[in-house]
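Source: prediction; values computed, not measured. Each ligand, and each atom within it, is numbered from 1 in the order the structure gives.
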Amino acid sequence: MRPLMIAPSILAADFARLGEEVRAVEAAGADRIHVDVMDGHFVPNISIGPAVVRAIRPVARTALDIHLMIAPCDPYLDAFAAAGADLITVHVEAGPHLHRSLAAIRALGKKAGVAMNPATPVATIEHVLDLVDRVLIMSVDPGFGGQAFIPGALDKLRAARALLGARPIDLEIDGGVTTRNAAEAVRAGANVLVAGSAVFSAGDYKMAIDAIRQAAASARGEAA
Ligand code: DX5
Ligand code: ZN
């Protein structure tokens, strides 16, 4: 089993105090920081770019997972790598040359992830598995935090888990993850849980992260 990781999405953080927010979720037990990049074209919202990644890199002690919801993505891979990304995830739907994008991320010395929207079949990643360290299944249509988990994502997690077999690839679920569905997501095969609102809307970040971890760990038959 791949290690369980909880990755708070800073999309739901207070941007006016972003550095403090990153420190606070790390102190509360975050395993990595999930950074949602949106371009107002691939998704109907605009968020942040490489300058913000560069600003939080020295503040964060954990890895920065950059989730690119932008099209095209290839022209910006360099900038995110230079800004301090540890892992860069691109969407299957973002362009016609997925193999090229993933190879470019690896060539920059970064870990590569591939993401897919809820309506995209898992089979679309079948031919790029040699080029990825992470598969991200979206459980909402990307663009906004705080949306409801789409239950069909569980079937897709199971299909992805079967497809990945024993390969050293993490399986991530992103969108609407809460204490209530974390166990199901883990039983379906996810080992990386992204949580935006479930963490940042909570008064106590540690309680929120602990609750998600506890639900997920017990579904794995582990102590939290
Ligand atoms: C959606 C983003 C997600 C999202 C997670 O476009 O990719 O990372 O912000 O936030 P919650 O957990 O609030 O759905
Ligand atoms: Zn995301």
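Within the structure, ligand 1 has Gly175 among the residues with a heavy atom less than 4.0 angstrom away. Judged by the shortest distance from any of its heavy atoms, Gly143 lies inside the 4.0 Å radius around the atoms of ligand 1. Taking 4.0 Å as the cut-off, Phe144 counts as a neighbour of ligand 1 on heavy-atom distance.
Atoms OD1 of Asp36 and NE2 of His34, as seen from the Zn ion (ligand 2), are separated by an angle of 90°, to the nearest 10°. The OD2 atom of Asp174, the Zn ion (ligand 2) and the ND1 atom of His67 define an angle of 90° (nearest 10 degrees).
The shortest N or O to N or O distance between Asp141 and ligand 1 is not below 3.5 Å. Among the atoms of Gly196, some N or O lies under 3.5 angstrom from an N or O of ligand 1. Between Met69 and ligand 1, no pair of N/O atoms sits closer than 3.5 Å.
With contacts defined as side-chain heavy-atom distances shorter than 4.5 Å, the pair Asp36/Met38 qualifies.
Residue Gly146 approaches ligand 1 through these ligand atoms, each under 4.0 Å from one of its heavy atoms: 11 (P), 13 (O), 14 (O). Taking every heavy atom of Met38 and a limit of under 4.0 angstrom, the matching atoms of ligand 1 come to 6 (O). Proximity to Pro142 (heavy-atom distance under 4.0 Å) selects the following atoms of ligand 1: 6 (O). Within the listing of ligand 1, atoms 7 (O) sit less than 4.0 angstrom from a heavy atom of His67. Residue-ligand proximity, His34 to ligand 1, at heavy-atom distances under 4.0 Å covers atoms 8 (O). Taking every heavy atom of Gly145 and a limit of under 4.0 angstrom, the matching atoms of ligand 1 come to 9 (O), 10 (O), 13 (O).
Using a cut-off of 4.0 Å between Lys/Arg side-chain N and Asp/Glu carboxylate O, Arg213 and Asp31 are scored as salt-bridged. Salt bridge Arg32/Asp86: absent, no basic N to carboxylate O contact under 4.0 Å. Salt-bridge formation is detected for the pair Asp133/Arg106: a Lys NZ or Arg NE/NH1/NH2 atom is positioned less than 4.0 Å from an Asp or Glu carboxylate oxygen.
Across all non-hydrogen atoms, the minimal contact from Asn181 to Val177 is OD1-CA, 3.4 Å.
Of the protein's heavy atoms, Gly176 N, 2.8 Å lies nearest to atom 14 (O) of ligand 1. Of the protein's non-hydrogen atoms, Ser197 OG, 2.4 Å is the one closest to atom 13 (O) of ligand 1. Among protein heavy atoms, atom 3 (C) of ligand 1 sits closest to Asp174 OD1, 2.9 Å.
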CA sep, side-chain torsions, deciding dist, call: Arg134, Asp65, side chain to side chain contact (heavy atoms under 4.5 Å, CB included): CA-CA 10 Å; Arg134 174 86 60 88; Asp65 291 343; 3.2 Å; yes
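Remark: side-chain polar atoms of Asn117 are not paired, donor with acceptor, to backbone N or O of Thr120 under 3.5 angstrom. Ser139 places a side-chain N or O within donor-acceptor distance of the main-chain N or O of Asp174, the cut-off being under 3.5 Å.
Atom CZ of Arg100 sits in a sparse spot, with 12 or fewer heavy atoms from other residues, nucleotides or ligands closer than 6.0 Å.
Between Tyr205 and Phe200, the two ring planes are perpendicular [angle over 60°; tilted spans 30° to 60°].
Closest heavy-atom approach to atom 7 (O) of ligand 1 among the candidates Asp65, Asp36, Leu193: Asp36.
Grouping the Ile, Leu, Val, Met, Phe, Trp and Tyr side chains by contacts below 4.5 angstrom, directly or via other members, places Met5 apart from Val114.
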